[in-house]
Amino acid sequence: MSSEVNLESGVMYIVATPIGNIEDISSRALSVLSSVDYIFAEDTRRTAKLLHQYSIKAPMQSLHDHNESDRIDDVIALLESGNNLALVSDAGTPLISDPGYKLVKALHQHNLKVVPIPGASALISALSVAGIATDKFSFEGFLPAKLHARQSVLNDYKSGLLGDRTLVFYESTHRIISSLTDMLEILGEEQEITIARELTKTYETLYVGTLKDVFTIISSDSNHQKGEFVIVLSGKSYVTDSNADKNDISVQSRELLIKLLTELTVKQAVSLAVKITGEKKKKLYSAALKIDSNKGFE
Ligand code: SAM
């Protein structure tokens, strides 16, 4: 049970909710949710369950990716007439790979007050247990769904575009194997990695070690591929590339092969790539075979 409090009027509260364990919500968050005039929720049915658990009754309206822009004027009108509002997403902190950014930007443009009510976020929870440097990190959200775009992004990390900071990704059950396969190919077997699965839930699991070892475990049993994932990559290994395969080709040659393989056979692509890049045929052939065998994961 949470108690109502007197809130300053005309304020939008951005309220973090649990990422799994329903107890991971602050008493301040519960007081705010009990006291606002309306709660804007990404999925009203899901939030209804949370509110029910804490006996909170508040009118709800939906605000998700598909209606966010249309909702902005209504939200501004409600705030300007003195209502207090809360924004919640399905899980964790709103706006972190979740809707709300356009709305919050519009509220600032109208000089309306926005107040954070901090709490759970999968990103920070994963970093807190990863055992990988957190002094500098970059949150990269979800990797692209398409194979070539994903490989191109990973090649950019490898070529050091982000320096030596830790990288954090969100990943879903559908793409965990494809993403790890690409990471293995591009960043190498010795890349230091931690994967946090199902944080705060019954099957919470941490996979810590080299990319090769973690991939071996996760790919060995479909149960390891179920649920929600945060992938944390150490910046040191992908920049120093200490374990670079001696058959490795340059980032540019790899990009070229990826493009050629969308139109040509492995043999044709390699023959053309040898002429364009001047790299050894054997190296290009080995890389082309790997890229080609990964097409099935797209
Ligand atoms: N706003 C959320 C936050 O603050 O973490 C993130 C929402 S995003 C749409 C959902 C993704 O977050 C999932 O696909 C997964 O990568 C990650 N995630 C959310 N809950 C998680 C959990 N309990 N364990 C691991 N990852 C989780």
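Heavy atoms only: backbone and side chains are in, while hydrogens, waters and symmetry mates are out. Order of listing sets the numbers, starting from 1, for every ligand and every atom in it.
- The nearest protein atom to atom 18 (N) of ligand 1, hydrogens excluded, is given as Ala122 CB, 3.4 Å; this is a heavy-atom distance.
- Ligand 1 has no N or O atom lying under 3.5 Å from any N or O atom of Ala120, backbone or side chain.
- When only interatomic distances are considered, the shortest N/O to N/O separation between Asp98 and ligand 1 falls below 3.5 Å.
- Between Phe142 and ligand 1, no pair of N/O atoms sits closer than 3.5 Å.
- Val232 pairs in a side-chain contact (heavy atoms from CB on, under 4.5 Å) with only one of the listed residues (Thr134, Leu123, Thr166, Leu206), which is Thr166.
- Annotation for ligand 1: atoms under 4.0 Å from non-hydrogen atoms of Thr93 are 1 (N), 3 (C), 4 (O).
- Residue Ser89 has no nitrogen or oxygen atom sitting less than 3.5 Å from a nitrogen or oxygen atom of ligand 1, judged on distance alone.
- Proximity to Ala196 (heavy-atom distance under 4.0 Å) selects the following atoms of ligand 1: 25 (C).
- Remark: minimum distance from atom 13 (C) of ligand 1 to any protein heavy atom is reached at Glu228 OE2, 3.4 Å.
- A salt bridge does not link Lys226 to Glu198: none of the charged side-chain nitrogens sits closer than 4.0 Å to a carboxylate oxygen.
- Salt bridge absent: Glu171 and Arg197 never bring a charged side-chain N and a carboxylate O closer than 4.0 Å.
- The shortest separation from a heavy atom of Thr200 to ligand 1 is not under 4.0 Å, leaving the residue out of contact.
- With Glu189 as the partner, the side-chain contact (heavy atoms from CB on, under 4.5 Å) test is satisfied by one option alone out of Asp213, Leu184, Thr216: Leu184.
- Scanning the protein heavy atoms around atom 9 (C) of ligand 1, the nearest turns out to be Ser97 O, 3.1 Å.
- More than 12 heavy atoms of other residues, nucleotides or ligands sit less than 6.0 Å from atom CG of Asp221.
- Those atoms of ligand 1 with a heavy atom of Glu198 less than 4.0 angstrom away are 23 (N), 24 (N), 25 (C).
- In summary, the aromatic rings of Phe229 and Phe169 are positioned with their centroids too far apart to meet the 6.0 Å limit.
- Among protein heavy atoms, atom 16 (O) of ligand 1 sits closest to Phe229 O, 2.6 Å.
- The nearest protein atom to atom 26 (N) of ligand 1, hydrogens excluded, is given as Val230 CG2, 3.4 Å; this is a heavy-atom distance.
- At a heavy-atom distance under 4.0 Å, only backbone atoms of Ala91 (N, CA, C or O) approach ligand 1.
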- Message: Walk me through whether Lys281 and Val270 qualify under side chain to side chain contact (heavy atoms under 4.5 Å, CB included).
- Response: CA-CA 7 Å; Lys281 187 173 177 186; Val270 170; 4.0 Å; yes
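- Under 4.0 Å from ligand 1, the heavy atoms of Lys201 that appear belong solely to its side chain.
- The pair Lys136-Asp164 meets the salt-bridge criterion, with a side-chain N (NZ, NE, NH1 or NH2) lying under 4.0 Å from an Asp/Glu carboxylate O.
- Atom 22 (C) of ligand 1 has its closest protein heavy atom at Leu199 N, 3.5 Å.
- Remark: Glu192 does not engage Lys236 in a salt bridge, criterion side-chain N to carboxylate O under 4.0 Å.
- Contact annotation: for Ser172 versus ligand 1, there are no heavy atoms closer than 4.0 Å.
- The N/O atoms of Arg197, backbone and side chain alike, include none that comes under 3.5 Å of an N/O atom in ligand 1.
- Atoms of ligand 1 found under 4.0 Å from any heavy atom of Glu171, numbered from 1 in the order shown, are 14 (O), 15 (C), 16 (O).
- Using modelled atom types, one finds no donor on one side chain facing an acceptor on the other under 3.5 Å when comparing Gln225 with Thr173.
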